[in-house]
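Structure, as structure tokens:
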There are 2 protein chains.
Amino acid sequence: MRLHRPHLSPAGIKQEELRRHNLSLLLRYVHLAGPTQRATLTARTGLNRSTIGALAADLANIAELVREEAPGVRSGAGRPSLVVVPETEHYQALAFDLGVDRIVGARVGLGGTMLSRKVVPLPPGDRNFESVVALTVTAARQLADEFGPRARCVGVGVAVPAVVRGTDGFVRFAPNLGWEQQPLGETLGAALVEALPGCSFDRAAVLVANDADLGALAEHTRGVARGHDDVVYLSGNVGVGAGVICGGRPLRGHGGYAGEAGHMIVNPAGQRCRCGARGCWETEVGIDAVLRAAGHEPGDGTTPRMVVADAQAGDQRARHALYEISRWLAVGVGNLVNLFNPELVIFGGELRELLEAVECDVVNMMGAGGLTMSREHVELVPSALGGDSPLFGAAELAFAPLLDDPLGVAATLPATGG
Amino acid sequence: MRLHRPHLSPAGIKQEELRRHNLSLLLRYVHLAGPTQRATLTARTGLNRSTIGALAADLANIAELVREEAPGVRSGAGRPSLVVVPETEHYQALAFDLGVDRIVGARVGLGGTMLSRKVVPLPPGDRNFESVVALTVTAARQLADEFGPRARCVGVGVAVPAVVRGTDGFVRFAPNLGWEQQPLGETLGAALVEALPGCSFDRAAVLVANDADLGALAEHTRGVARGHDDVVYLSGNVGVGAGVICGGRPLRGHGGYAGEAGHMIVNPAGQRCRCGARGCWETEVGIDAVLRAAGHEPGDGTTPRMVVADAQAGDQRARHALYEISRWLAVGVGNLVNLFNPELVIFGGELRELLEAVECDVVNMMGAGGLTMSREHVELVPSALGGDSPLFGAAELAFAPLLDDPLGVAATLPATGG
DNA sequence: ATGCTAAGTTGTGCCGCAAAACATATTTAT
DNA sequence: ATAAATATGTTTTGCGGCACAACTTAGCAT
């Protein structure tokens with residue numbers, strides 16, 4: 001049981017933090033695993049029965065974060081254990097996934113249940129910053145109207161296909177949205193605090209992050225990567241991004257920009273990328289590359305899924321296109337595997353559909369040359385949460401502060417009264 | 001002050017672990033920062049004076065890990081603060097760096113002081129596994145003879161230019177040594193326990209790791225990367241390896257194989273690598289590549305340093321060679337920067353000398369194309385510990401268990417009596 | 001109905017840290 | 001030289017958190 005190792009910065013632990021840690025542990029457990037018997041919690045945490053009882057009582061009575069119920073199904077001898085249930089309705093987060101052609105918003109309860117979901121299509125030409133912010137705020141208002149009377153809004157998480165500064169959600173570069181240097185975190189924060197007066201969170205509770213990073217977070221939390229501590233999530237849309245979990249924690253990097261796998265140079269003899277360099281991975285495996293290889297024009301309405309269907313139907317050109325894509329996928333994924341040595345590489349976004357068609361080829365090509373030790377245990381899998389990975393990740397992002405300090409944060413959140 | 005966030009595995013903290021954590025914190029502080037006033041410790045940890053006093057007393061009296069001294073130089077008003085000093089002589093580690101042409105061994109005291117150092121050249125033809133193990137054991141015995149009467153040996157750390165399994169130090173692949181599938185951790189562990197009966201550590205205290213990973217650890221601990229939590233260390237010798245620190249912790253990956261940057265494919269049109277793939281980074285920037293580009297034959301005695309000297313002396317061929325190398329360095333380093341977003345990229349091994357000659361070119365080439373946000377704050381620097389980075393890292397590796405649980409581990413280590 | 005089992009509940013004790021009061025050592029002011 | 005100011009070490013006391021043990025409760029099996 002290792003605690004985080006600090007450098008030379010202060011990190012003395014006091015008893016207060018011990019309590020906070022254990023409360024956090026308990027709440028996070030039921031948030032992740034759902035309703036759980038007290039006996040199970042006792043066994044898993046290693047804490048004493050009486051301690052678990054006291055912690056659960058605090059979470060239930062002081063903040064109504066959980067409730068304790070008699071177990072429904074009886075099993076085995078002995079006194080049945082009370083079940084600790086996360087109060088899904090009491091604590092909710094708003095989550096948004098800002099896509100190239102639509103905004104998806106959701107209301108997610110403690111425990112990770114999606115309570116409602118809303119899709120706002122973006123008019124094709126109109127994805128400028130102000131419009132997207134405005135549409136997001138509108139969607140947020142609609143979602144917030146559905147809060148129950150006892151709901152508290154813990155915050156807002158936003159996934160955006162962009163290079164995002166970790167500290168404040170400033171968007172440095174979002175080629176697919178056509179944005180550069182936009183203060184998304186600050187702007188949305190201010191606008192949402194204004195638009196949702198019933199919610200008592202402050203501007204800092206509006207958290208913006210890269211969509212691939214949040215996809216990774218979601219898959220690690222509730223998707224295929226549960227229990228796996230070293231994972232790479234690939235988000236393939238127009239661009240390609242990676243979210244990385246290493247040692248159980250998201251890889252952020254110094255500025256929060258880590259995981260820009262799409263601009264890893266794999267083919268210096270290749271095409272010029274939007275970023276200015278030549279032979280970036282995403283010019284070889286991005287949607288446009290798939291379509292172009294199959295003889296389509298990007299923007300003509302074709303999707304990678306259709307190319308896959310064509311290939312399965314026997315279309316030689318589509319099959320050859322997929323083979324070419326596989327080669328470059330193998331190179332890039334191989335590089336990522338050599339660098340991160342993950343247990344899983346998760347294919348999210350449009351890459352999900354691609355995977356089933358090309359998995360065999362990619363695996364063979366990766367195995368053919370190069371170091372094999374990292375590759376021998378790695379699995380390529382499609383994302384389990386489908387296209388909603390970043391959305392769920394955004395919700396987790398919003399819940400994170402509450403999970404880190406349950407009673408402390410809960411105390412700052414009076415019921416919305418809505 | 002965040003503690004490590006566990007997944008669903010047990011991680012309840014009890015008071016005992018609180019104490020352990022704070023003891024660990026204190027010992028690690030003086031190990032890293034050297035002799036430190038109690039007042040400073042109080043301020044940095046945020047703990048109370050009385051608590052620091054008690055912790056320091058435990059470390060001093062129970063295990064003699066530190067001693068408290070009256071301060072030498074007086075400064076400022078008020079009662080002078082006692083200075084907590086790591087007991088360099090009482091706790092020592094053995095560290096080894098197994099190179100291609102020599103073994104370097106050292107005796108390192110708590111606090112990181114190198115107390116003695118020994119170089120054993122390898123006969124050119126003879127670097128087979130058994131010979132290297134035997135020479136290492138011999139060197140260890142010689143170093144152990146110099147332990148003082150009050151010394152306790154905390155363990156042995158070994159750096160090896162190989163892909164090493166994290167759990168047990170099994171060497172999967174060490175092309176430069178000509179090894180494959182060798183149980184280095186197990187073999188050395190058994191041999192050293194046998195050879196050093198005075199030392200009471202067990203086989204598990206012999207820890208083997210990749211040299212680049214240990215270089216990164218050392219530079220992070222005592223080198224240029226002190227205080228920087230996101231760092232890439234490049235170890236350039238015959239092969240190229242990377243050690244990565246992210247979020248202040250070493251990147252290990254699932255099997256411990258992370259950081260194989262040398263086999264990142266950057267030039268699919270390039271030469272075939274020893275690993276079987278084509279266009280690996282190390283075929284473009286490894287020592288052999290440098291020499292070949294400059295018109296030398298690998299193994300003819302030329303070193304990269306000589307090529308640099310030639311270039312500085314005006315040799316056109318050498319200058320052109322360095323320019324070519326710079327291009328590929330820029331591609332690879334750019335990829336690493338995009339993926340890890342480090343604050344620093346440290347050039348270790350032979351790359352150290354290369355850096356000063358090519359830094360300008362590499363920085364310009366990196367800035368020319370590609371995403372710039374990750375690159376705008378990154379610095380390319382030579383390793384501060386020179387060729388001894390992996391050696392110091394090996395010592396840190398050996399000290400780690402003691403630093404994680406000072407009193408617990410110290411209790412298992414009676415004095416060597418030697 | 002009785003006993004068994006597994007779990008929750010309650011009370012006690014230990015341990016860790018903070019806070020306050022006291023003691024000590026050094027600098028600065030008178 | 002003496003006293004005040006300052007900063008720190010030391011001791012004592014108190015509070016809070018968890019473990020442990022004893023007790024109670026709830027279901028199951030015979």
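Naming convention: chains lettered A, B, ... in sequence-line order (proteins, then strands); numbering from 1 in each chain. Not measured: the values here are computed from a predicted model.
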Round to a whole Å and report the spacing from NZ of A:Lys14 to P of D:dC18. 17 Å
Measure CG/A:Asp58 against C1'/C:dT9 and give the value in whole Å, please. 15 Å
Backbone N or O of B:Ile13 within a donor-acceptor pair of the A:Asn22 side chain at under 3.5 Å? yes
Go through the N and O atoms of the side chain of A:Arg79 and the base of D:dT25, and report whether any donor-acceptor pair is under 3.5 Å. yes
Counting side-chain heavy atoms from C-beta on, which of D:dA19, C:dA18, C:dA7 comes nearest to A:Ser81? C:dA7
Output the rounded distance in Å from CD (B:Glu17) to P (C:dC17). 13 Å
Looking at B:Asp404 and B:Arg20, is there a salt bridge between them, counting it only when a charged N and a carboxylate O are closer than 4.0 Å? no
Write down the distance between CZ (A:Arg20) and P (C:dG16), rounded to a whole number of angstrom. 21 Å
I want to check one thing: is the phosphate of C:dC17, taken as OP1 and OP2, less than 4.0 Å away from some side-chain N or O of B:Ser50? no
Taking atom types as they are modelled, is there a donor-acceptor pair under 3.5 Å from the base of D:dG17 to the side chain of A:Gln15? no
Below 4.0 angstrom from OP1 or OP2 of D:dA7, is there any side-chain N or O of B:Arg49? no
Does OP1 or OP2 of C:dC15 have a side-chain N or O of B:Arg19 closer than 4.0 Å? no
Just the rounded figure in Å: distance from C1' of D:dT8 to CG of B:Leu41. 13 Å
Between A:His31 (side chain) and A:Gly111 (backbone), is there a donor-acceptor pair under 3.5 Å? yes
Measure from CD on B:Glu68 to C1' on D:dT10 and round the result to the nearest Å. 12 Å
A:Asn22 side chain, from C-beta outward: closest of D:dA26, D:dC18, C:dA23: D:dC18
Tell me if a side-chain donor or acceptor on A:Arg222 pairs with a main-chain N or O of A:Leu385 at a distance below 3.5 Å. no
B:Asn48 CG to D:dG14 C1': how many Å, rounded? 13 Å
Check the pair B:Glu146 / B:Ser116 against side-chain hydrogen bond (donor to acceptor under 3.5 Å, both in side chains), numbers first and verdict last. CA-CA 8 Å; B:Glu146 302 171 14; B:Ser116 57; 2.8 Å; yes
Side-chain N or O of B:Thr51 versus OP1/OP2 of C:dG16: is the shortest distance under 4.0 Å? no
To the nearest angstrom, how far is A:Leu55 atom CG from D:dA19 atom P? 9 Å
